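Working notes, beginning with the structure itself.
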Amino acid sequence: MKPSSIIFLIISVLVVAAGCVLCNIGSEMASEQGISLFETDVAMIDGDVIRSDTFDASQINKIKMNLDEVRVVIAASDTEESYLEMRNFQVGSYDYSIQNKMLLIDNETSLFSLMRIAEGNFSFQGLRHYLTYKAGANTEKELYIYLASDASLNAFDITVKRGTVSVENLSFAADYNISLTAGDITLKKISTKSMINLSTNKGVVTVDDLSCRAGTVVVGDGAADLFLRNIPTEMHVSVMEGDIECGYAAASEYGLQFTVNAAQVLTYNGEEKTDRPFIYTPSPNAANQEFSAVAGTVSLAIKAEGISGRFASLSEALAKEAETEDLDVIVVETEPVSETDTETE
């Protein structure tokens with residue numbers, strides 16, 4: 001190695017060491033005075049290591065994440081601020097940033113993610129990952145995102161390998177694209193003038209009190225339990241191994257067209273139907289609602305008040321099965337309803 005290179009390496013090591021010493025001194029002084037040195041707050045609560053941030057959701061139009069094993073909860077904020085909590089995420093095992101008006105959370109990290117010390121107005125990037133490091137007793141990862149009323153989101157793009165995703169009490173005009181290899185998806189009290197696309201290879205999809213323009217729900221091994229507040233222009237629901245239950249809050253069937261296939265029992269408003277497929281068209285130009293239970297049952301009802309809730313025990317059983325399975329498989333692909341298709345209905 002050239003002498004100049006050796007000198008450069010020595011100087012670099014000294015600078016890094018001096019920086020770490022100064023940061024530690026500053027951290028101790030800030031702690032003594034009760035001042036937060038970093039924008040990211042790190043706390044230890046009941047064995048969970050919690051890293052939290054507040055952010056301006058009015059400047060974000062999309063939330064995108066691609067994570068391995070995690071419980072995700074997205075809900076309305078109970079304060080005037082939007083904020084995020086990451087529990088038990090190992091330092092250096094994920095990227096978290098805001099880019100091009102997108103909140104991005106990803107498993108993969110890179111050298112560049114550690115070098116973005118001054119980028120943006122908040123992130124978990126840079127050396128503060130390690131300067132604020134704490135080891136907790138718990139290892140289950142959880143991600144909570146709470147959105148204030150001034151948020152202007154138009155898309156959620158969520159991919160999780162193993163875990164659960166729950167979205168509650170939101171009324172943005174946003175697309176909801178959520179895909180799991182194994183785990184449950186829950187949407188509760190969601191109102192959007194756009195579309196939903198939900199899929200899981202193994203799990204239960206629960207949609208409780210949803211208003212949307214159109215949607216697709218695809219389940220491999222599991223079930224779909226749905227309660228729709230409005231009548232979507234199109235709704236496509238398919239379960240390979242399992243059952244479907246769907247209730248509409250509509251007072252009558254007018255405006256609804258059903259096309260239903262089921263390998264086993266098919267009931268409509270409590271009455272068993274033997275036709276396969278069962279087709280019901282009470283009015284012209286009705287909104288197309290398609291259901292397919294390849295190896296199970298389908299139950300449809302009008303004037304419904306909520307979900308059945310009967311798949312809770314199935315959800316627990318599927319989660320236990322998934323713990324021992326190799327999940328390196330292709331996630332069930334949804335077939336999103338296109339803008340052109342819905343406009344021509």
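Predicted model only: the values in this text are computed from it and were never measured.
Side chain to side chain, Ser194 and Thr192 fail the donor-acceptor criterion of an N or O pair below 3.5 Å. Under 3.5 Å, the side chains of Glu253 and Asn269 contain a donor-acceptor pair of N or O atoms. Side-chain contact of Gln289 with Tyr248: a donor-acceptor pair under 3.5 Å is present, judged by distance alone. Side-chain atoms of Ser299 and Thr267 form a donor-acceptor pair, as typed in the model, at a separation below 3.5 Å. With hydrogens and angles left out, the side-chain atoms of Ser292 and Glu290 include no donor and acceptor closer than 3.5 Å. In this structure, a donor-acceptor pair under 3.5 Å is present between the side chains of Tyr144 and Arg71. Inspection of the Asp225 and Ser308 side chains reveals an N or O donor paired with an N or O acceptor under 3.5 Å.
Every residue was checked against the ring pair (Phe, Tyr, Trp, His ring centres under 6.0 Å) condition with Phe311, not counting sequence neighbours, and none meets it.
Distance check, rounded to the nearest 0.5 Å: OG of Ser82 to CG of Asp53 gives 12.0 Å. Between atom CD1 of residue Ile98 and atom CG of residue Leu104 there is a gap of 8.5 Å, rounded to the nearest 0.5 Å. The distance from atom CD1 of Ile105 to atom CG of Leu67, rounded to the nearest 0.5 Å, is 6.5 Å. Between the CG atom in Leu153 and the CG atom in Asp175 there is a gap of 11.5 Å [rounded to 0.5 Å]. Here NZ of Lys141 is found 13.5 Å from CG of Asp48. Values are rounded to the nearest 0.5 Å. Separating the CE atom in Met195 from the OG1 atom in Thr233 is a distance of 9.0 Å, to the nearest 0.5 Å.
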Decide yes or no on ring-ring contact (aromatic ring centres under 6.0 Å, His included) for Tyr268 and Phe278, but give the supporting numbers first. CA-CA 9 Å; Tyr268 179 70; Phe278 167 68; 5.6 Å; yes

Worksheet item: So Ser179 and Thr159, side chain to side chain donor-acceptor pair (under 3.5 Å) or not? Walk me through it.
Response: CA-CA 5 Å; Ser179 178; Thr159 302; 5.3 Å; no

Open item on the list: The test is side chain to side chain donor-acceptor pair (under 3.5 Å); show your working for Asp157 and Asn177 and say whether it passes.
Closed with: CA-CA 5 Å; Asp157 190 352; Asn177 300 304; 5.4 Å; no

Worksheet item: Taking it one step at a time, do Thr206 and Asp208 satisfy side chain to side chain donor-acceptor pair (under 3.5 Å)?
Response: CA-CA 6 Å; Thr206 303; Asp208 189 2; over 6 Å; no

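Note on ring orientation: taking the six-membered ring where Trp is involved, the planes of Phe156 and Phe172 are tilted (angle from 30° to 60°). Between Tyr280 and Phe258, the two ring planes are tilted [angle within 30° to 60°].
Although no hydrogens or angles enter the test, the distance criterion places no donor-acceptor pair under 3.5 Å between the side chain of Ser97 and the main chain of Gln99. Judged by distance alone, the side chain of Asn261 and the main-chain N or O of Val294 form no donor-acceptor pair under 3.5 Å.
When the shell of 6.0 Å around CD of Gln264 is examined, it contains more than 12 heavy atoms from other residues, nucleotides or ligands.
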